[in-house]
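The chains referred to below are lettered A, B, ... by the order of the sequence lines, with proteins before strands, and numbering in each begins at 1. All values reported here derive from a predicted model rather than from experimental measurement.
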Protein chains: 2
Amino acid sequence: MPRLSQKIGVYQEYLPHLSVDCVVFGFNENGLKVLLLKMKHREEWALPGGFVGQDETVEAAATRVLQERTGLEQVFLQQFHVFSDPNRSEGNSASSGDKQAAAWLNQRFITLGFYALVPFDKVKPQPDAISEACTWWDVEAVGSLLIDHNLILKKALEAMRLQLRYQPLGLNLLPAKFTMPQLQKLYEIILGQTLDRRNFQRKMMDYGILHRLEERKTGVAHKAPYYYKFNKQRYKQALKEGLEGGW
Amino acid sequence: MPRLSQKIGVYQEYLPHLSVDCVVFGFNENGLKVLLLKMKHREEWALPGGFVGQDETVEAAATRVLQERTGLEQVFLQQFHVFSDPNRSEGNSASSGDKQAAAWLNQRFITLGFYALVPFDKVKPQPDAISEACTWWDVEAVGSLLIDHNLILKKALEAMRLQLRYQPLGLNLLPAKFTMPQLQKLYEIILGQTLDRRNFQRKMMDYGILHRLEERKTGVAHKAPYYYKFNKQRYKQALKEGLEGGW
DNA sequence: CTTCAATGCGTTAGTCAGACACAAAGTAGT
DNA sequence: ACTACTTTGTGTCTGACTAACGCATTGAAG
C-alpha cells in the first residue's frame, strides 16, 4: 500500500499540533492589503498557513509557506504571537474525504503567528491544493475569517504598527530606488493616517538611513522628485538598535 | 532537554515537541535578578521550563511552571519569542535512567520564551524533582547556561527593555505602596543606567498612572519620602494604549 | 542643635515635533 | 511661448518635551 504510506508520510514530515499562519501585508496606492485564501467547500477566507517540518525552524516553515503562496524568496518576516486557545478551532472540524488528512487536520493546533511585508506588485498569488482562490484583500474590507484568523490579523496589525515606531521600514517593500512621496505613502497606509510631507522628510533624513541620489524621477507630471535609496548598513544597524532614544 | 518540572510517566498529557521556558526577573537593591535551576548531574544552570498540556494554553503552561517554582499566582507574564533551531539542544542528550523519560526528553523541542516580572522578596524559589537547586542570580553574573538558554535570556532582556519604552512597569514588582526612589531604582536596574531623580519623578507623574498618598515613609534616615500607589485603571489602560505618542 | 544626606519643588537652556509659508520645477492647456 | 496648476524642496516659527542643575526642606544622627 504505497499510496497510503506515502500519504501518511506526508504528514509525518511535520511536527504535530503545531502550525504557522502568515499575515502577508502588501500595499499599493489604494491601501494596505493582506493575502487571503479561499478554501474549497468553505465560506470563510483564511490566512495562508502551513506546518513545521521535523527538521525545520519555524522561520523556515513560514518562509516556505510564503514562497509557495507568493513566489517571493526574500521577505521581511516577523514572528509576533503564539495563539494557543485549546478551543480556537471550535466548530471548524475538517471534512476531508481523506481520513488521514481529516485526522491530521482535526488535531489541536497551536499556531505561530508571523507577519510579512512584501512588495505588492511582485507577488503572484497562488492558491494551494486545498484552496480555490488566493488574492489580496483590502485590510479594511476583510470579513469574517476562518477560526481565529480575524484575531491573528488584528494582532499582526498592532504588532507591525508598534514596530514601526522604533524600527525602520521599507527596504523590503519598495524598489531599490524610490522617491520620498512613495516612502511617505507607505507609512501613511500602514499607519492609517496622513502625515505632513515636510516633517516626514526631515524625520526620515534625520534617521540617517537614507541617501539621496543625484538622479530625479522622469516622466512625471509636475516637479520631479529625487530618488533615494536606503543605506543598508545603517538600516540594518537601526533594525537592531532601534530608531529612537527613549530614556 | 533534561529539565522537567512534571512527574515522570505522564508525558502523554503533554503536547510533543513543545516546551515553554520562563525568564523570571526579580529585583532588589543590588540589581536585576533572574531565577535559575541547577539540574542534578549537570554543570550548567537552566531556566525554569515545562511542557504544554493537551488542553492548556501556552500562557497557562507558563503560569503553571512559574507557580511551581516561585509559589506566585499572579505575575506579569509576556511571551516574547519562539526558539526553534533544530540543533538547539545539540550535545545535551538526556541521560535519565528512565527510558520513557529519556525518549521524551530527547525529542526535538521548539520552545516558547516567556518572561515574567515578579516581586523578588515574595518569591520562595523551589527546585523541582530533577533539580538540586533553584535560586536567584544576578543578571550580570550569569555564566554559561544549558542549551540555548543564554540566548533566551538575552532576548528576554531586550524584549523587556523595549517594552519598558512604551508600557508602564512596576505594578507586579513593587509593593502596593512604594516610594518614588524605589520606583526609580527599579527602572534604573532594568535599564542598566542611572536616571535623573527630578526628571524621573516629573515624567512618571505626567504619565498619570501614579497617585501620591498623604502618608510618608517612616523610620528612614533623612527626609521621609511620600508613598505612591498605582492607579490601576489608568495603568491597565496605559498597558493597552501605550505611553508615548510617536507618529 | 548642628551636620548631613535625601527628598520635594522649581528654573533654564537645548532639542524635537507639528504646522505652515514660499520658492522652484515640470507638465498641460491655450 | 506663455500661463495655470500641481507637486516637490527648503526654511521658519511655536509649543511641548527632555536634560541638566539649583535650592530649600525634612528628619535622623552625632
Atom-pair distance (CG on A/Asp196; C1' on D/dC13), nearest Å: 14 Å
For nucleotides 25-30 of chain C, 5' to 3', base contacts (B), sugar-phosphate-only contacts (S) and non-contacts (-) with protein non-hydrogen atoms under 4.0 Å give BBS---
Any residue meeting salt bridge (charged side-chain N to carboxylate O under 4.0 Å, His left out) with A/Glu56, in chain and number order, not counting sequence neighbours: A/Arg64
Nearest listed nucleotide, side chain of A/Pro225, among D/dT8, D/dG22, C/dG8: D/dT8
Output the rounded distance in Å from CE (A/Met180) to P (D/dT10). 10 Å
Is there a donor-acceptor pair closer than 3.5 Å between any side-chain N or O of A/Tyr235 and the backbone N or O of A/Gly170? yes
Listing request: all salt bridge (charged side-chain N to carboxylate O under 4.0 Å, His left out) pairs with a residue in residues 188-202 of chain B, at least two apart in sequence or in separate chains. B/Asp196-B/Arg198
Which residue pairs pass the salt bridge (charged side-chain N to carboxylate O under 4.0 Å, His left out) test when at least one of the two sits in residues 171-182 of chain A, sequence neighbours left out? A/Lys177-A/Glu215
Kindly list each side-chain donor-acceptor pair under 3.5 angstrom involving residues 134-145 of chain A, sequence neighbours excluded, with atom names and distances?
| residue | atom | partner | partner atom | Å |
| --- | --- | --- | --- | --- |
| A/Asp138 | OD1 | A/Glu140 | N | 2.9 |
| A/Asp138 | OD2 | A/Lys33 | NZ | 3.3 |

Sub-3.5 Å pairs of nitrogen or oxygen atoms, protein against nucleotides 12-15 of chain C:
none

May I have the distance from A/Lys203 (atom NZ) to D/dG11 (atom P), rounded to whole angstrom? 20 Å
Can you tell me the distance, in whole Å, between the CZ atom of B/Arg198 and the P atom of C/dC9? 14 Å
From OH of B/Tyr227 across to C1' of C/dT7 the rounded distance in Å is 14 Å
